[in-house]
Amino acid sequence: MKVIQHTASRTTRGKNLTIVYGIHDFPVGNILVALTAEGLCWLGINCDVAKLHENWKGAELVEDKAATTKAAREIAKLWPDSLHKLSIPIVLYGTAFQLKVWKELLHIKSGSTVTYEHIARKIGKPKAVRAVGSAVGRNTVSIVVPCHRVVNKSSDRINYGWGPAIKKALLKGEKVA
DNA sequence: ATTTACCGTGCTT
DNA sequence: AAGCACGGTAAAT
C-alpha cells in the first residue's frame, strides 16, 4: 500500500484541495469515502458531510458517489485481513508527530492489538502516551489506518472516535476476542 | 480511591 | 500569548 504524506495542521489542511466523496455500505455501518487527486484522504464510519468539512476546512467538497465506488468496494473486499494490499494510495495530512504515530499504526497486524504506551515507545517518546492518544484519535483514514487496534493497557475503558460499539465490531470482524 | 505529572494539538480566552 | 481538555499510564498520596 502506498502512503503519501503531507505536513499540515488541522486548520491548514484542505487549502486549495478538491475532495470528492461518497457514502457506501460497509459491514459495520456506512462509510464516507473521500478522495483527493492523490488518493484516499478520509474514511469515516456513519459519518456525515459536516464532519468531513470540519476536518478539511477550506477544501472544496464535491459529492460524487460514482467516483468513490471503486475505492469503497475494494476496501470492503479487502477487509479485514488484506487492507495492506489496497491499490489506492492513502494520503495523510498531519503534523510530524501525527504522521509518525499513524505510520506506526500501519505496522499492527490484523487480528492483534497494541497499547498506546507501545506506540509511544516505538516512536521514541515513551512519555508522550497521552499525546499518542490524541494523535490516534485524529486519524483521518479509519479502518485502513487501524486506529481501532490501539487499546488501553488495562482494557477497562474503550474509546473510539466513531463510538465504542464500532471499535468492538471492527475488532470482532478481525477475530480479536 | 484520588491526585499528580507528563505529551502534543486545537480550541477558547 | 496563555490556558485547557483530551481516545493514557504509573506512581505517589
Side-chain angles (χ1 to χ4, degrees), chain A residues 3-17 19 26-34 36 40-61 75 79-80 83 90-177:
Chain A
V3 180
I4 299 169
Q5 301 171 53
H6 298 285
T7 305
S9 73
R10 181 191 170 93
T11 39
T12 61
R13 80 171 161 230
K15 280 251 163 72
N16 307 317
L17 206 55
I19 295 176
F26 191 76
V28 304
N30 291 331
I31 53 175
L32 192 160
V33 176
T36 68
L40 178 67
C41 69
W42 175 269
L43 201 164
I45 304 167
N46 296 329
C47 167
D48 59 18
V49 187
K51 193 95 178 176
L52 180 66
H53 183 240
E54 239 175 71
N55 280 275
W56 298 93
K57 291 176 179 155
E60 186 191 352
L61 304 181
I75 291 163
W79 188 77
L83 277 172
I90 61 176
V91 188
L92 303 178
Y93 283 81
T95 63
F97 182 85
Q98 289 168 341
L99 292 173
K100 261 193 201 174
V101 172
W102 298 340
K103 275 188 296 178
E104 204 52 50
L105 299 183
L106 291 171
H107 296 153
I108 311 170
K109 291 196 294 279
S110 175
S112 61
T113 57
V114 303
T115 60
Y116 294 94
E117 189 192 20
H118 178 86
I119 303 278
R121 261 207 297 269
K122 275 267 193 148
I123 63 175
K125 304 223 172 193
K127 290 188 181 165
V129 188
R130 200 169 182 193
V132 168
S134 304
V136 171
R138 290 183 175 120
N139 169 37
T140 51
V141 196
S142 349
I143 304 180
V144 181
V145 176
C147 47
H148 57 282
R149 294 189 195 133
V150 187
V151 299
N152 304 35
K153 191 158 228 185
S154 54
S155 45
D156 52 350
R157 274 167 298 175
I158 295 186
N159 276 310
Y160 194 55
W162 306 113
I166 299 290
K167 185 168 186 170
K168 280 188 212 160
L170 285 170
L171 290 173
K172 197 173 173 199
E174 299 181 4
K175 316 226 169 27
V176 179

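Numbered from 1 within each chain, the chains take letters A, B, ... in sequence-line order.
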**Student:** Hey, is the main chain of G94(A) close enough, under 3.5 Å, to the side chain of R13(A) for a donor-acceptor pair?
**Tutor:**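 A pair under 3.5 Å: no.
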
**Student:** In whole Å, measure the gap between the C1' atoms of dT9(C) and dG10(B) for me.
**Tutor:**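 Approximately 23 Å lies between the C1' atom of dT9(C) and that of dG10(B).
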
**Student:** Of all the choices, dT9(C), dG10(B), dC7(B), which nucleotide is nearest to the side chain of Y116(A) once you look at every atom?
**Tutor:**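 Of all the options, the side chain of Y116(A) is nearest to dT9(C).
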
**Student:** Rounding to a whole Å, what distance do you find between N139(A):CG and dT9(B):P?
**Tutor:**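 Spelled out: CG on N139(A) to P on dT9(B) is 15 Å.
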
**Student:** What is the distance, to the nearest angstrom, from the CD1 atom on I119(A) to the P atom on dC7(B)?
**Tutor:**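 After rounding, the reported distance stands at 19 Å.
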
**Student:** Measure CD/E117(A) against P/dC7(B) and give the value in whole Å, please.
**Tutor:**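 About 15 Å, once rounded to whole Å.
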
**Student:** When you measure from the side chain of A128(A), which nucleotide among dC11(B), dC7(B), dG7(C) comes out closest?
**Tutor:**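 Given the options dC11(B), dC7(B), dG7(C), the side chain of A128(A) is closest to dC7(B).
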
**Student:** For dA10(C), take OP1 and OP2 only and decide whether either is under 4.0 Å from a side-chain N or O of K153(A).
**Tutor:**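 True: K153(A) side-chain N/O within range (under 4.0 Å) of dA10(C) OP1/OP2.
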
**Student:** What is the nucleic acid contact for K57(A), judged by heavy atoms within less than 4.0 Å: base, sugar-phosphate only, or nothing?
**Tutor:**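 Sugar-phosphate, backbone atoms only, no base.
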
**Student:** Out of dG8(B), dG8(C), dC6(B), which has the shortest distance to the side chain of N159(A)?
**Tutor:**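 When the side chain of N159(A) is considered, dG8(C) is the closest of dG8(B), dG8(C), dC6(B).
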
**Student:** Between atom CG in N152(A) and atom C1' in dA10(C), what is the gap in whole Å?
**Tutor:**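 Checked: the CG to C1' distance equals 14 Å.
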
**Student:** Is there side-chain contact between I4(A) and I90(A), with heavy atoms separated by less than 4.5 Å?
**Tutor:**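 Side-chain contact under 4.5 Å: no.
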
**Student:** Picking from dT9(B), dG8(B), dG7(C), which would you name as closest to the side chain of T95(A)?
**Tutor:**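 Nearest to the side chain of T95(A) among the choices is dT9(B).
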
**Student:** Given atom CD of E54(A) and atom C1' of dC11(B), what is their separation to the nearest angstrom?
**Tutor:**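 Nearest whole value for this atom pair: 12 Å.
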
**Student:** So, H148(A) versus E174(A): side-chain donor-acceptor pair below 3.5 Å or not?
**Tutor:**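 Result is yes, a qualifying pair exists.
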
**Student:** Quick one: do K100(A) and E104(A) make a salt bridge, cutoff under 4.0 Å?
**Tutor:**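 Not counted as a salt bridge, because no side-chain N and carboxylate O are separated by less than 4.0 Å.
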
**Student:** For the P atoms, the ones on dA1(C) and on dC7(B), what distance do you get once it is rounded to whole angstrom?
**Tutor:**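 Looking at atom P only, dA1(C) and dC7(B) are 22 Å apart.
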
**Student:** Using the P atom on both, measure dA5(C) against dT3(B) and round to a whole Å.
**Tutor:**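 Straight-line distance between the two P atoms is 14 Å.
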
**Student:** Check each of V136(A), L171(A), V114(A) against R149(A) using the side-chain contact (heavy atoms from CB on, under 4.5 Å) test, and report the only one that passes.
**Tutor:**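 Option passing the side-chain contact (heavy atoms from CB on, under 4.5 Å) with R149(A): L171(A).
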
**Student:** For the pair made of NZ in K100(A) and P in dT9(B), what is the distance, rounded to whole Å?
**Tutor:**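 Rounded to the whole Å, the gap is 11 Å.
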
**Student:** When both hydrogen-bonding distances must be under 3.5 Å and the geometry is Watson-Crick or G-U wobble, what is dA1(C) paired with, if anything?
**Tutor:**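 Partner of dA1(C): dT13(B).
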
**Student:** Would you indicate, yes or no, if dA5(C) has its OP1 or OP2 atom less than 4.0 angstrom from a side-chain nitrogen or oxygen of R130(A)?
**Tutor:**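 No.
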
**Student:** Taking atom types as they are modelled, would you say the side chain of S134(A) forms a donor-acceptor pair with the base of dG8(B) within the 3.5 Å cutoff?
**Tutor:**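 It does, because a donor-acceptor pair links the side chain of S134(A) to the base of dG8(B) below 3.5 Å.
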
**Student:** Below 4.0 angstrom from OP1 or OP2 of dG8(B), is there any side-chain N or O of K125(A)?
**Tutor:**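 True: K125(A) side-chain N/O within range (under 4.0 Å) of dG8(B) OP1/OP2.
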
**Student:** Nearest whole Å is fine: how far is dG8(C) C1' from I123(A) CD1?
**Tutor:**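 It is 13 Å, rounded to the nearest whole Å.
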
**Student:** Calculate, to the nearest 0.5 Å, the distance between atoms NZ and CZ belonging to K125(A) and F97(A) respectively.
**Tutor:**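 K125(A) atom NZ to F97(A) atom CZ measures 6.5 Å (nearest 0.5 Å).
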
**Student:** If you measure from the P atom in dA5(B) to the same atom in dG3(C), how many Å do you get, rounded?
**Tutor:**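 Between the two P atoms, the distance is 16 Å.
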
**Student:** Rounding to an integer number of angstrom, what distance separates dG7(C) and dA1(B) when you compare their P atoms?
**Tutor:**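 Here dG7(C) and dA1(B) have their P atoms 25 Å from each other.
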
**Student:** What is the separation between atom CZ on R13(A) and atom C1' on dG10(B), rounded to the nearest whole Å?
**Tutor:**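 It is 11 Å, rounded to the nearest whole Å.
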
**Student:** Which part of the nucleic acid, if any, lies within reach of F97(A) when heavy atoms closer than 4.0 Å are counted: base, sugar-phosphate only, or nothing?
**Tutor:**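 Sugar-phosphate, no base atom in range.
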
